[in-house]
Amino acid sequence: MRLPQQFYNQPTLKVAQQLLGKFLVHKIGKKTIISLITETEAYVGPKDKASHASRGKTPRTEIMFGQPGFWYIYLIYGMYYCLNVVTEKNDYPAAVLIRAVKLQPENNKLKTDGPGKLCRALKIDKKLNGQPAFGKTSLWIEDNGLKIKPSQIKKAPRIGVDYAKEYKDKLWRFYLNN
DNA sequence: AGATTGATCCAT
DNA sequence: TGGATCAATCTG
């Protein structure tokens, strides 16, 4: 079952943890690429200095201020795309960054253990920016019925946000321990 | 630890 | 219009 828009209209920290163990599915023509989400990060609200939204609404970041359940995809360091999904209510900027996935089946050679790498492997680019993650769409998240116990979720500081002052040490990165 | 790479943002 | 910045990756 595809996750409905309402799923994303919840506290971001909750969404980030609940996305672990779900399937990220990208349908390209006849091909369907299925992967299991293993690592996420939460970017929460206008005061989170690690978030693009902390400097206010701009043409790039306005998608984060919009409705929940839409993809926010941006180019970083000139070479890599990062995949985020917008959370919480309209006008509250927040999103979950999907940092790592495992391809299904696992015998696939492609590496997907980083936000840039997974976008490359799943052929995700800016064309999907601003597209919905629910309903009839080519990229979505699927509830596969897997139950993740709280003890399987590890928490850690987010990557690459040393500049974020009082927000840099928040344990807003979540990953599965196997 | 350094190089890479280019869109974005903000200050001139 | 220009320069600093950047939620990353690869190479050695």
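Residue numbers begin at 1 in each chain, while the letters A, B, ... track the order of the sequences. In this text, all values refer to a predicted model and were calculated from it rather than measured experimentally.
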Pairing pattern in dot-bracket form [Watson-Crick, G-U; both distances under 3.5 Å; | = partner strand] for DNA chain C: ||||||.||||.
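- Under the rule for a side-chain contact (heavy atoms from CB on, under 4.5 Å), the partners of A:A16 that lie at least two apart in sequence or sit in another chain are A:T40, A:A42, A:V96, A:F174.
- One cannot find a donor-acceptor pair under 3.5 Å joining the base of B:dA7 and the side-chain atoms of A:Y74.
- Sorted by first then second residue, the side-chain hydrogen bond (donor to acceptor under 3.5 Å, both in side chains) pairs that include residues 15-37 of chain A, not counting sequence neighbours, number zero.
- In terms of heavy-atom proximity, A:G135 sits nearest to A:R2 at O-NH1, 2.6 Å.
- Residue pairs meeting the salt bridge (charged side-chain N to carboxylate O under 4.0 Å, His left out) criterion with at least one member in residues 134-160 of chain A, sequence neighbours excluded: A:D48-A:R158.
- At least one donor-acceptor pair closer than 3.5 Å links the side chain of A:E88 to the backbone N or O of A:T12.
- Within residues 157-171 of chain A, no residue has any heavy atom under 4.0 Å from DNA chain B.
- With A:W140 contributing its side chain and A:P4 its backbone, the two residues share no donor-acceptor pair below 3.5 Å.
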Just the table, please: protein N/O against nucleotides 10-12 of chain C N/O, every pair under 3.5 Å.
from	atom 1	to	atom 2	distance (Å)
C:dC10	OP1	A:R120	NH2	3.2
C:dC10	OP2	A:K117	NZ	3.4

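- Separating the CG atom of A:L118 from the C1' atom of C:dA7 is a distance of 13 Å, rounded to the nearest angstrom.
- Distance, A:Y81 OH to B:dT8 C1': 14 Å, rounded to whole Å.
- Stacking is found between A:Y43 and the pyrimidine-like six-membered ring of the C:dA7 base under the 5.5 Å centre-distance and 30° plane-angle cut-offs.
- In this structure, CG of A:L83 is placed 12 Å from C1' of C:dA7, rounded to the nearest angstrom.
- Annotation for A:V86 and A:I63: closest pair CG2-O, 3.5 Å, computed over non-hydrogen atoms.
- You'll find the ring centres of A:F134 and A:Y8 outside the 6.0 Å limit.
- In terms of the side chain to side chain donor-acceptor pair (under 3.5 Å) criterion, residue partners of A:R173 (sequence neighbours excluded) are, by chain and number, A:E39.
- Judged as a side-chain hydrogen bond (donor to acceptor under 3.5 Å, both in side chains), the pairs with a partner in residues 52-64 of chain A (not counting sequence neighbours) are, in order, A:H52-A:Y72, A:T58-A:T61.
- Within residues 86-100 of chain A, the residues having any heavy atom closer than 4.0 Å to DNA chain C are, in order of number, A:L97, A:R99.
- Minimum heavy-atom separation, A:G21 to A:N144: O-ND2, 2.9 Å.
- Positionally, the nearest nucleotide of DNA chain B for A:M79 lies more toward the 5' end than for the other of A:M79 and A:K126.
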Below 3.5 Å between N/O atoms, which protein atoms pair up with nucleotides 9-12 of chain B? Just atom names and distances, please.
from	atom 1	to	atom 2	distance (Å)
B:dC9	OP1	A:T58	OG1	2.3

Anything under 3.5 Å between a donor and an acceptor, one on a side chain of residues 74-83 of chain A, the other on a protein residue two or more places apart or in another chain? List them.
none

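- Between A:I73 atom CD1 and B:dG6 atom P there is a gap of 20 Å when expressed in whole angstrom units.
- Formation of a donor-acceptor pair under 3.5 Å by the A:T87 side chain with backbone atoms of A:P68 is not found in this model.
- Listed by first and then second residue, the salt bridge (charged side-chain N to carboxylate O under 4.0 Å, His left out) pairs involving residues 114-135 of chain A are A:D113-A:K117, A:D125-A:K127 (not counting sequence neighbours).
- We find that OH of A:Y77 is positioned 16 Å from P of B:dG2, with the value rounded to whole Å.
- Rounded to the nearest 0.5 Å, atoms CG (A:L110) and CG (A:L122) are 8.5 Å apart.
- Between A:V85 and A:F70, every side-chain heavy-atom pair lies at or beyond the 4.5 Å cut-off.
- Remark: P of B:dT8 and CG of A:L75 are 8 Å apart, rounded to the nearest angstrom.
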